[in-house]
Every structure is written in structure tokens, then in C-alpha cells.
K.L.:
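Before I ask anything, let me first share the structure, which is written out below as C-alpha cells.
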Protein chains: 2
Amino acid sequence: MRPSINTIQTKRIIEALERAGYQATPNRRLVADLVASTNGHFTAADLLERGRREQVKMGRATIFRALDLLTSLRVVERLDLPSGAHAYVVCEPDKHHHHLVCSGCGRSEDVADGELGALVDEIGRRHGYEIQSHRLELFGTCPVCTAASESRSATGDASAEQGGPA
Amino acid sequence: MRPSINTIQTKRIIEALERAGYQATPNRRLVADLVASTNGHFTAADLLERGRREQVKMGRATIFRALDLLTSLRVVERLDLPSGAHAYVVCEPDKHHHHLVCSGCGRSEDVADGELGALVDEIGRRHGYEIQSHRLELFGTCPVCTAASESRSATGDASAEQGGPA
DNA sequence: ATGGTATTGATACTCGGTCTCATCGGTGAG
DNA sequence: CTCACCGATGAGACCGAGTATCAATACCAT
């Protein structure tokens, strides 16, 4: 009934939860688990469905609440796909960063801010704005998907890619 | 019944429409007008309401269709506010650019890509991704709002700002 | 005038997300 | 141990943005 894969990632999330003074309830543990075992972006609906598949049924609201919580702890972040759809991704809570998202499999990687900060400052200065926040989103094809699509186009195979959001 | 402020901006939009082979129908002209006379970001619902205020009532779907059209012509772009809400902004259709949005009044300015392109390439290279697209969104306070908020905090006045989305 | 295509409006629907509210459960005080 | 309390939960209503469907209409060319 309760999966608890308990990867390091899951633990990290649960600890973050407790550190912030929230109860690590079974539901939240499950969400942490699901979220941690996802290597790409996901939606609330994904989690809900995966939860049900694990024989646990949570209210929709609970998922959203958990996700809000994790978002506020910066353990997950919301991003806006090129299609305009929203999705969530797990990420490192500490340093300011951006996301590089594979449009093939949905995998997402944190990208350090790097020189972007300076660039942003420069833009703000040039326009006379006081910049409060910025967001950079990068979309492309990850190495695995690139390789897959190359070998596929060579062999005619049409499956594979990466594990994908799972 | 039909406002037709017909600024240069409005004309530009209508021409873009015709150039692309679409009819410049009254509805579309109105949308162009509304969009052009907005100096910040707006939503479909905003346009609808403003249209009605001008005594013209269009179907909701028509607005969305017009907006889709303008988006495909790159005359407007959709952006994602920090709140997660979607909004549209007018912009220059030609060069690749990003948006700098005032969180006070909603005004938005196009920002040239500048050195960002190189930075993006570098990130792609570093992660082994083939970058297909990127999006940078900057949020801050525009000079007018900054000034307004400064004088306000000095005088205790609480109105003003910029024209705001209108 | 006539047919065909583009446009439109109404309406139903989907989807992500929020709100409300009654219930449930763990924890701490007594 | 019991009780009260408060946080967490689920169900379901609700909401706003956007899409889909479909019939009615406007426009254009012939």
C-alpha cells in the first residue's frame, strides 16, 4: 500500500519538510517519493495517477497542497513549457538556478546562473528597471534523446527515448 | 460603435494580418486596436471586457482566435508572470527578443537577446543538449513606478503609478 | 445572384488550480 | 488515559483560461 522507495532524494525532500516544521504525513511522503522518482517534469495530474497506480488514492487538493508546500520549500519549481502548459520539476533548493528541459523525454537539469546575473543587471541598468527576478528556460534535446533519435532514424525503430517522466 | 484609434501600432498589426493573407475584419481590427493601445500585458479577458466597454461585443472564442493569430504572426507573445498566470504582450515581430516586465504597472519592454545567445550555446554545450529554444523573462520595477513609489513613500500618496495595462 | 471559403458567436467542455467544509488523526495538556 | 485542539485530508463545488463543435453569417470571386 505504501511504496516508499526512499531514495536519497526522497529523504532530502522529507527532511526539508520536517525542517520547515511540517508534518511528514504518509501522503506527503508519497508525494515526495513520486516526485523524487521522476526524472523529468510532471504535472499534478501525473502524480495523482501514479499515486492511484500505487494503490494510494489521495484527493486532488492534497496533491496540489503538497506541491505548493514543496514549491515554497524550493524543492520543486513550476515551469512553463513552450506549449504554454505548466509542469513541475524537482530541483536543488539552495542555489539560484534555471532549467534546461529536454523536449524529447522531459528530463530537466538545473543550470547555474553563471554570467546571466551580470547580463541581467546590465539589462536592468540599460532600461532603468530595478530587476527583482528573472527566469531563464532552455528547451532542447538531451544527449540520450539525440542519440536515440539518430539511431532510430538510421534503423527505422520508433520507440526508446529516455525513461521519460516516470 | 467602432473606436478605431488607429495608432501606428494598430496599423502595423493590421498590415501584418493582411500581409499574411488574413482578412482584416472589424473584430480583428478592434482587437488590434485594443492590443495596440495597451502598454502593458493583458489577458484575453481584459480585451473582452474592454471591447464590451467600447460597446462592441465579441464572442470569447473570437478573441482567443485573434490572439492566436497575432501570436502566430509574432505581433504578440504570451508570457508567464511570476504568479504563474499567463498574459499577452505586444512586441516587435522581427528580431528574437525577451521581455522585461514591470511588476508595478505591467508595462513590458522588448529586450534584445544580446550576449544571451552565446551563454545559451555554452550551456547547451556543457550539458550536451541541442538547444532548440530559450526564454528569458525579467521582472522588475520600471523607472516610472520606481519614481512613483519613492515619491509616494515620501508624501504618503497612494495612487499614480503608470497608466498600467490599459 | 451564387457558391464556396473564412469568420464568427454560442455553448459545451476540458484542464489546472483554488476554496470550502466537514471529517479525521496525531500530539500535548491535564 | 482522555480530551481538546490544530493541522491534514478528501470530496466536491467552483473558477478562469483555453479549446472544440457547430450552425449561422459575411465576404469574395465568379
Side-chain angles (χ1 to χ4, degrees), chain A residues 1-2 13-14 17-35 41-52 54-73 76-89 106 165, chain B residues 1-2 13-14 17-32 34-35 41-52 54-73 76-89 165:
Chain A
M1 171 101 184
R2 186 141 303 289
I13 298 176
I14 292 173
L17 218 41
E18 290 175 329
R19 212 174 317 119
Y22 296 102
Q23 294 176 25
T25 67
N27 274 339
R28 288 181 182 159
R29 281 169 193 277
L30 175 62
V31 170
D33 229 23
L34 292 174
V35 157
H41 51 74
F42 55 88
T43 63
D46 287 341
L47 294 192
L48 193 58
E49 199 218 331
R50 286 168 57 203
R52 292 202 200 284
E54 306 265 20
Q55 317 295 329
V56 192
K57 99 175 195 321
M58 291 183 276
R60 233 161 58 89
T62 304
I63 302 264
F64 280 107
R65 282 187 283 240
L67 245 20
D68 281 354
L69 220 50
L70 297 186
T71 304
S72 75
L73 298 175
V76 308
E77 243 171 74
R78 248 165 83 166
L79 53 83
D80 208 43
L81 304 180
S83 68
H86 282 150
Y88 299 84
V89 282
Chain B
M1 174 96 182
R2 186 140 304 288
I13 298 176
I14 292 173
L17 218 40
E18 290 176 329
R19 211 175 315 121
Y22 296 102
Q23 295 175 26
T25 67
N27 275 339
R28 287 180 183 158
R29 280 169 193 279
L30 176 63
V31 170
L34 292 173
V35 157
H41 50 73
F42 55 89
T43 62
D46 288 340
L47 294 193
L48 193 58
E49 199 217 330
R50 285 169 57 204
R52 292 201 200 285
E54 307 265 20
Q55 315 297 328
V56 192
K57 98 176 195 321
M58 289 182 278
R60 235 162 56 87
T62 304
I63 301 264
F64 280 106
R65 282 188 283 239
L67 246 19
D68 281 354
L69 219 50
L70 297 185
T71 303
S72 75
L73 298 175
V76 309
E77 241 170 73
R78 246 164 84 166
L79 53 82
D80 209 43
L81 305 180
S83 68
H86 281 151
Y88 300 83
V89 283

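Chain letters run A, B, ... following the sequence lines, proteins first, then strands; residues in each count from 1. Fair warning: this is a prediction, and the values are worked out from it, not measured in the lab.
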K.L.:
Nearest to the side chain of A/Ala44, which nucleotide is it out of C/dT7, D/dG18, C/dG17?
P.N.:
C/dG17
K.L.:
How is B/Ala45 classified with respect to the nucleic acid when contacts are heavy atoms under 4.0 Å: base, sugar-phosphate, or nothing?
P.N.:
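Result for B/Ala45 = sugar-phosphate.
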K.L.:
According to a strict under-4.0 Å criterion, is B/Thr62 in side-chain N/O contact with OP1 or OP2 of C/dG9?
P.N.:
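Result: yes.
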K.L.:
How many whole angstroms separate atom CZ of A/Arg28 from atom P of D/dG10?
P.N.:
11 Å
K.L.:
Is A/Tyr88 close enough to C/dG17 that one of its side-chain N or O atoms is under 4.0 Å from OP1 or OP2 there?
P.N.:
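It does, given that an N or O in the side chain of A/Tyr88 lies less than 4.0 Å from OP1 or OP2 of C/dG17.
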K.L.:
Establish whether the base of C/dG17 is bridged to the side chain of A/Arg65 by a donor-acceptor pair shorter than 3.5 Å.
P.N.:
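Absent.
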K.L.:
Any idea which of C/dT11, C/dC19, C/dT7 is nearest the A/Ala61 side chain?
P.N.:
C/dC19
K.L.:
May I ask you to decide if the ring planes of B/His86 and A/His86 are parallel, tilted or perpendicular, using 30° and 60° as cut-offs?
P.N.:
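B/His86 vs A/His86 ring planes: tilted.
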K.L.:
Between C1' on D/dG18 and NE2 on A/His86, what's the gap in Å once rounded to a whole number?
P.N.:
13 Å
K.L.:
With respect to the phosphate group of D/dT9, does any side-chain polar atom (N or O) of A/Thr25 fall under 4.0 Å of OP1 or OP2?
P.N.:
yes
K.L.:
Has the side chain of B/Arg29 got a donor or acceptor atom that lies under 3.5 Å from a matching backbone atom of B/Ala24?
P.N.:
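Checked: pair present.
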K.L.:
Nearest whole Å is fine: how far is D/dT19 C1' from B/Arg78 CZ?
P.N.:
11 Å
K.L.:
Do A/Arg60 and D/dG10 share a donor-acceptor pair, side chain to base, under 3.5 Å?
P.N.:
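Checked by distance alone, the answer is no.
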K.L.:
Under 4.0 Å between a side-chain N or O of A/Asn27 and OP1 or OP2 of D/dG10?
P.N.:
yes
K.L.:
Counting distance only, does the side-chain N/O of B/Asp68 pair as donor-acceptor with the main-chain N or O of B/Arg65 below 3.5 Å?
P.N.:
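No, the answer is negative, given that no donor and acceptor are paired below the 3.5 Å cut-off.
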K.L.:
Provide, to the nearest angstrom, the distance between the CD atom belonging to B/Gln23 and the P atom belonging to C/dT8.
P.N.:
8 Å
K.L.:
Output yes when at least one side-chain N/O atom of A/Lys57 is less than 4.0 Å from OP1 or OP2 of D/dT9, else no.
P.N.:
no
K.L.:
Strictly distance-based, threshold 3.5 Å: is any side-chain N or O of A/Arg78 a donor or acceptor partner for the main-chain N or O of A/Thr71?
P.N.:
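Not confirmed, A/Arg78 side chain does not pair with A/Thr71 backbone.
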